[in-house]
Amino acid sequence: MRRKKKNNIKGSKYMAEEKDNVEKEEKKDQEAMESVVGEVVEEDKKETEDPKDAKIAELTAKVKELEETVAKMKDDDLRRMADTENYKKRLRTEKENAVKYANEALISDLLEPLDNFSRAIESASQSKDFEAMKTGVVMVNDQMLQRLKTNWGLEMIDSKVGTPFDPNRMEAYGVQEKEGIDTEEVSMECNKGWLLHGKVLRTAKVFVAKPKK
């Protein structure tokens, strides 16, 4: 009886071990099967993947890159346009100021003679002395003419009576015959003429006397 019981225990143990071995083998087979199935699925996935999708992805990436490049170029162009516009505005402002204040130095140069004119007029008004006023006016006139000639190249054309008539610097208002002269000359000065650095700025307006035939 004991031997039979002992044999039953051994048999149960053996059966348990066999069962465990069978389960292990089945587990290995299952894992191997899953591995094979996974590989097959990956291969199928690779085989079924459309080459167009890869090309589309590549083109999409290139389009994005080009869009970024274009956006940067637009930004650079806007900056350049803004800089150019600011430069033009600055040039316009400088030009306007240059025109506006072009005569600043000339006017500054005439302020002192104008002050002297005012003093001469005020002095003559108080003293009632015509000769003193005449002297003062002549002095200021000479001062102004000298300053304009020295600093600005302005010079009066000599067109006093008896001066030979120069058609390049004088304009004749009228012509009269005169005895005792050999060439045309100024018989009356109406308006003085001026030269600016040797160039005629305004012709002198005169009447001309010509030799009588």
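Computed from a prediction, not measured in an experiment: that's the story for all the values here. Position 1 is the first residue of the sequence; numbering continues from there.
Residue pairs satisfying the side-chain hydrogen bond (donor to acceptor under 3.5 Å, both in side chains) criterion with at least one member in residues 66-76, sequence neighbours excluded, are listed as follows: Lys72-Asp76, Asp75-Arg79.
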Show, in sequence, the C-alpha distance, side-chain angles and deciding distance for Ser108 and Glu104, and conclude whether the side chain to side chain donor-acceptor pair (under 3.5 Å) test is met. CA-CA 6 Å; Ser108 297; Glu104 182 178 2; 5.4 Å; no

Residue pair Met144, Leu110: steps toward the side chain to side chain contact (heavy atoms under 4.5 Å, CB included) verdict: CA-CA 7 Å; Met144 183 178 292; Leu110 297 178; 3.8 Å; yes

Show, in sequence, the C-alpha distance, side-chain angles and deciding distance for Lys205 and Glu189, and conclude whether the salt bridge (charged side-chain N to carboxylate O under 4.0 Å, His left out) test is met. CA-CA 6 Å; Lys205 309 300 190 292; Glu189 182 184 58; over 6 Å; no

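Using a 3.5 Å distance cut-off with no hydrogens or angles, the side chains of Ser118 and Glu122 do not pair a donor with an acceptor.
With values rounded to the nearest 0.5 angstrom, Gln176 atom CD is found 8.0 Å from Met188 atom CE. Distance check: Met170 CE to Glu184 CD gives 11.0 Å after rounding to the nearest 0.5 Å.
Under 4.0 Å is where a charged nitrogen must lie from a carboxylate oxygen, and between Asp83 and Arg80 no such pair does. The pair Lys212-Glu179 counts as a salt bridge, with a side-chain nitrogen and a carboxylate oxygen less than 4.0 angstrom apart. A salt bridge links Glu112 with Arg147: the distance from a Lys NZ or Arg NE/NH1/NH2 to an Asp or Glu carboxylate oxygen falls below 4.0 Å. Using a cut-off of 4.0 Å between Lys/Arg side-chain N and Asp/Glu carboxylate O, Arg92 and Glu96 are scored as not salt-bridged.
The heavy-atom pair separating Asn141 from Phe117 by the smallest distance is N-CZ, 4.2 Å.
Both Leu145 and Leu196 are assigned to one and the same hydrophobic cluster, defined by single-linkage of ILVMFWY side chains at heavy-atom distances under 4.5 Å. A continuous path of ILVMFWY side-chain contacts below 4.5 Å connects Val140 to Leu148, so both sit in one hydrophobic cluster. Met156 is connected to Leu154 through a chain of hydrophobic side-chain contacts under 4.5 Å among Ile, Leu, Val, Met, Phe, Trp and Tyr, so both are in one cluster.
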